[in-house]
Protein chains: 2
Amino acid sequence: MAARLKDVAALAGVSVRTVSNVVSNAAPVAPATRARVMAAVEELGYRPNLAARNLRQGRTGLIGVVVPEIHSPYFGALAELLIDAARERGWTVLLERTGGRPDLERRLLDGSEGHQVDGMIVSPWSTSPAELASLAGGLPLVVLGELAPDGAIDHVALDNVAAARDAARHLVAGGRRRVAAIGLQSELGHGTAELRAEGFRQGLRESGLSPVAEVEVADLHRGEGARALRELLRLPGRPDAVFCFSDELALGALRVAAEEGVRVPEDLALMGFDDIEDGRFAAPSLTTIAPYREQIAERAVQCLTERVLGRFEALPGRRIVVPHRVLPRESTGGPVPPGAPDGPGTPDGPGRG
Amino acid sequence: MAARLKDVAALAGVSVRTVSNVVSNAAPVAPATRARVMAAVEELGYRPNLAARNLRQGRTGLIGVVVPEIHSPYFGALAELLIDAARERGWTVLLERTGGRPDLERRLLDGSEGHQVDGMIVSPWSTSPAELASLAGGLPLVVLGELAPDGAIDHVALDNVAAARDAARHLVAGGRRRVAAIGLQSELGHGTAELRAEGFRQGLRESGLSPVAEVEVADLHRGEGARALRELLRLPGRPDAVFCFSDELALGALRVAAEEGVRVPEDLALMGFDDIEDGRFAAPSLTTIAPYREQIAERAVQCLTERVLGRFEALPGRRIVVPHRVLPRESTGGPVPPGAPDGPGTPDGPGRG
DNA sequence: CGTCCATGTTGCAACGTTGCAAGCAACGTG
DNA sequence: CACGTTGCTTGCAACGTTGCAACATGGACG
């Protein structure tokens with residue numbers, strides 16, 4: 001049977017309370033006593049019973065991380081960073097995925113599914129931030145990837161408008177004039193795709209251009225990118241550059257370009273968003289917008305921690321904007337030849353740093 | 001404040017115990033009483049306090065899933081399936097990653113890190129199954145991807161020897177004679193890479209062939225695949241086929257082939273292992289060995305459930321072998337042209353089903 | 001010498017739940 | 001009518017931990 005405080009106390013010849021003081025650093029303990037207790041802890045292999053601790057303290061030490069999918073390169077990498085950032089602060093992460101299903105997204109948030117958590121970090125797909133707030137009902141919440149104005153919720157995201165504008169500028173700077181976009185999602189009322197579309201148009205407008213086409217997608221995966229580029233290639237005036245709202249879309253498009261004999265970047269410049277690892281190893285390697293993922297994870301956990309610990313002060317919702325940068329690679333004829341610092345030769349290049 | 005059994009009981013005019021009976025179906029309750037209690041539960045938005053329940057019952061309802069990384073396409077997809085399978089059986093999954101670090105792998109297993117779980121599903125990297133058993137110290141355990149003989153641990157895996165043999169056969173059947181392998185890992189004493197190497201050699205031997213080269217790797221990622229193929233291309237007698245022990249290795253190799261002007265599959269047949277989504281959208285699409293992942297996840301959770309619930313019967317360790325199949329695609333000149341059922345046109349083709 | 005304070009140590013109660021065994025009413029049977 | 005049975009409900013105690021307040025001890029200080 002597992003050792004309890006009582007057992008350790010008996011062995012060390014002190015009270016239960018003193019053992020508790022030692023193991024949880026709750027009060028000063030004389031060095032000699034501490035040593036004796038530690039020895040007993042070692043001998044019995046004592047581990048605190050977290051259920052009891054949680055019951056007593058009213059906290060679980062668990063934070064929920066809710067993402068649409070774990071499987072995708074972007075969210076997988078983000079989840080990993082969140083888990084690390086949380087561990088550093090003593091939290092354990094309960095990772096949940098919604099698969100984009102609105103009902104599941106809601107159930108996870110209102111707590112009727114699964115375990116109790118002290119707070120949540122959510123990357124919403126089909127639920128608006130306002131709705132999130134009411135569902136969570138007072139549970140500390142940090143929202144990723146969306147910026148919305150209301151409630152005592154913190155938001156962490158990059159500046160989608162500026163990032164998309166930078167993408168458009170990059171394509172135009174490379175001499176492209178017939179620029180299209182893939183990745184709009186009018187069906188979802190909410191933000192990310194809208195914001196990127198907006199920034200994309202702004203970036204073109206600065207040079208007196210406007211999009212030759214904007215293709216809607218059902219999701220941000222390769223299949224949709226492939227379908228969308230096929231569609232674009234059938235247009236009378238083919239684009240000479242395409243900005244995809246995710247790297248996965250771009251990789252699907254890249255595959256279709258190869259099939260159709262369209263040379264990238266000579267005939268078509270292709271650009272993605274997210275900087276997933278696959279993009280660095282694609283042939284040609286994929287130019288992309290790289291968010292500083294570590295910062296997103298770090299700031300998100302930091303915000304949530306502050307909220308959980310200072311539960312009763314009603315902090316106003318903060319909006320945290322993390323920086324991004326354009327990573328020029330081969331797919332836009334960028335300055336980085338194969339084998340150079342950002343090429344496949346260095347799998348841990350800037351894309352992850 | 002959150003409602004407790006006591007509050008519900010007061011509102012419904014019954015005892016605390018009766019409310020408990022209703023919410024946990026512990027004893028028969030008169031329909032009228034049940035209805036009254038349910039109404040009170042609704043009104044107060046009562047949710048059972050799991051910390052208290054766990055403390056009382058000695059179980060947490062959590063199972064740990066430990067994988068080397070979440071970030072990678074293979075483990076990401078597997079983790080997702082495990083979470084789903086676990087949810088169906090009422091478990092919540094605590095997903096942890098080791099990053100391949102032996103020390104962290106050990107800490108996670110012996111429970112000194114993080115939360116208490118009722119059992120664990122582990123995909124080990126640097127720790128042998130025997131060591132796992134002693135670390136877990138009686139905690140119900142299911143090991144994925146390795147088969148080792150000892151202890152009361154269940155193993156779930158495909159037949160690595162047979163799978164690698166099938167891969168070799170596939171390459172030989174395509175007329176290849178100078179076949180190499182990428183992915184050996186002599187440094188790690190343990191199984192998977194060894195088993196695949198063994199099966200690979202067997203498959204060649206059946207046709208009177210032997211490997212023209214076997215390249216060791218430090219990990220199973222794209223970067224190592226790229227490095228390894230560069231090495232192979234420098235050999236005096238270039239191979240005409242390469243079997244990579246993971247799809248990621250193969251994708252790295254594919255990239256290098258494109259850089260070096262080596263045509264795939266004409267000059268070089270390339271084959272992977274795992275059936276990750278990226279492989280379906282690579283150009284050319286990647287022939288691979290596909291495990292039935294759903295079965296792995298399903299069986300693993302099933303085994304663990306049996307062990308956790310029947311904790312005191314000492315079941316002997318079971319070895320569960322899940323089937324696999326060869327998915328011929330373009331990279332070995334396979335029968336599947338672009339756009340056909342298994343091509344990029346159907347992102348949810350056999351690779352996931 | 002008495003008082004105060006800092007430092008260590010302690011017992012008690014409580015967190016919200018469920019196992020246990022007993023209680024109670026109503027009913028069927030001998 | 002006594003008795004056992006069935007169906008439903010209840011009070012008590014316990015799970016292992018920590019907050020609280022009180023209690024010893026010993027040294028510094030007026």
Side-chain angles (χ1 to χ4, degrees), chain A residues 1-38 40-41 44-62 90 92 111 114-118 309 311-312, chain B residues 1-41 44-62 90 111 114-118 309 311-312:
Chain A
M1 217 46 231
R4 298 150 300 165
L5 280 183
K6 191 160 49 161
D7 306 318
V8 177
L11 181 60
V14 296
S15 76
V16 168
R17 199 63 189 72
T18 298
V19 180
S20 172
N21 285 337
V22 172
V23 299
S24 53
N25 278 319
V29 175
T33 315
R34 160 165 263 119
R36 213 146 27 95
V37 170
M38 291 304 275
V41 164
L44 297 177
Y46 169 78
R47 305 251 177 256
N49 178 318
L50 294 176
R53 183 176 281 180
N54 296 340
L55 173 59
R56 187 63 245 244
Q57 298 187 332
R59 281 201 267 119
T60 62
L62 256 58
T92 300
H115 266 249
Q116 275 156 345
V117 295
D118 294 335
L309 298 184
R311 195 190 286 266
F312 299 108
Chain B
M1 218 46 233
R4 298 150 300 164
L5 281 182
K6 190 159 54 161
D7 305 318
V8 178
L11 182 60
V14 296
S15 77
V16 168
R17 200 61 191 72
T18 297
V19 180
S20 171
N21 285 336
V22 171
V23 299
S24 52
N25 278 319
V29 175
T33 315
R34 161 165 262 118
R36 210 142 31 94
V37 170
M38 290 303 276
V41 164
L44 297 176
Y46 169 78
R47 305 248 179 258
N49 179 318
L50 294 177
R53 181 176 282 181
N54 296 341
L55 173 59
R56 188 62 245 246
Q57 299 188 330
R59 279 201 269 121
T60 63
L62 287 164
H115 267 249
Q116 276 156 344
V117 295
D118 293 335
L309 298 185
R311 193 189 288 267
F312 297 109

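Computed from a predicted structure; not experimentally measured. Hydrogens, waters and symmetry mates are skipped; everything else that's a heavy atom, side chains included, is used.
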When you measure from the side chain of [X] to the backbone of [Y], do you find a donor-acceptor pair of N or O atoms at a distance under 3.5 Å?
X: B:S20; Y: B:V16; answer: no
X: B:D118; Y: B:G61; answer: yes
X: B:Q116; Y: A:P48; answer: yes

**Request:** Check each of B:V41, B:V37, B:D7, B:L11 against B:Y46 using the side chain to side chain contact (heavy atoms under 4.5 Å, CB included) test, and report the only one that passes.
**Result:** B:V41
With respect to the side chain of [X], which nucleotide from [options] is positioned closest?
X: A:S24; options: D:dT18, C:dG8, C:dT18; value: D:dT18
X: B:L55; options: C:dG16, D:dT18, C:dT10; value: C:dG16
X: B:V29; options: C:dG11, C:dT18, D:dT9; value: D:dT9
X: B:V14; options: D:dG16, C:dT10, D:dT10; value: D:dT10
X: B:A52; options: C:dG8, C:dT17, D:dT10; value: C:dT17
X: A:N49; options: C:dT17, D:dT9, D:dG16; value: D:dG16
X: B:R17; options: D:dT17, C:dT9, C:dT18; value: C:dT18

**Message:** Students often get this wrong, so: under 4.0 angstrom with heavy atoms, is A:N54 touching a base, only sugar-phosphate, or nothing?
**Reply:** nothing
**Request:** Classify the nucleic acid contact of B:R4 as base, sugar-phosphate or nothing, counting any heavy atom under 4.0 Å across all strands shown.
**Result:** sugar-phosphate
**Prompt:** Can you tell if the side chain of A:V22 reaches within under 4.5 Å of the side chain of A:M38, non-hydrogen atoms only?
**Reply:** yes
**Message:** What I'd like to find out is whether the side chain of A:R4 reaches to under 4.5 Å of the side chain of A:V19, using heavy atoms alone.
**Reply:** no
**Request:** To the nearest 10°, let me know how far the axis at one end of the helix from C:dC1-D:dG30 to C:dG30-D:dC1 is tilted from the axis at the other, five pairs an end.
**Result:** 50°
Return the value, rounded to whole Å, for the distance between atom [atom1] of [X] and atom [atom2] of [N].
X: B:R59; N: C:dT18; atom1: CZ; atom2: C1'; value: 13 Å
X: B:L50; N: C:dG16; atom1: CG; atom2: P; value: 13 Å
X: A:Q57; N: C:dA13; atom1: CD; atom2: C1'; value: 16 Å
X: B:R47; N: C:dC15; atom1: CZ; atom2: C1'; value: 20 Å

**Message:** To check you understand the geometry: which heavy-atom pair defines the closest contact between B:R53 and B:S24, and what is its length?
**Reply:** NH2-CB, 4.3 Å
**Message:** Whether the side chain of A:R56 and the base of C:dG16 hold a donor-acceptor pair under 3.5 Å is what I'd like checked.
**Reply:** no
**Item:** Presence of B:T33 side-chain N/O under 4.0 Å of D:dT9 phosphate oxygens OP1/OP2
**Value:** yes
**Prompt:** Are any of A:T18's side-chain N or O atoms less than 4.0 Å away from OP1 or OP2 of C:dT10?
**Reply:** yes
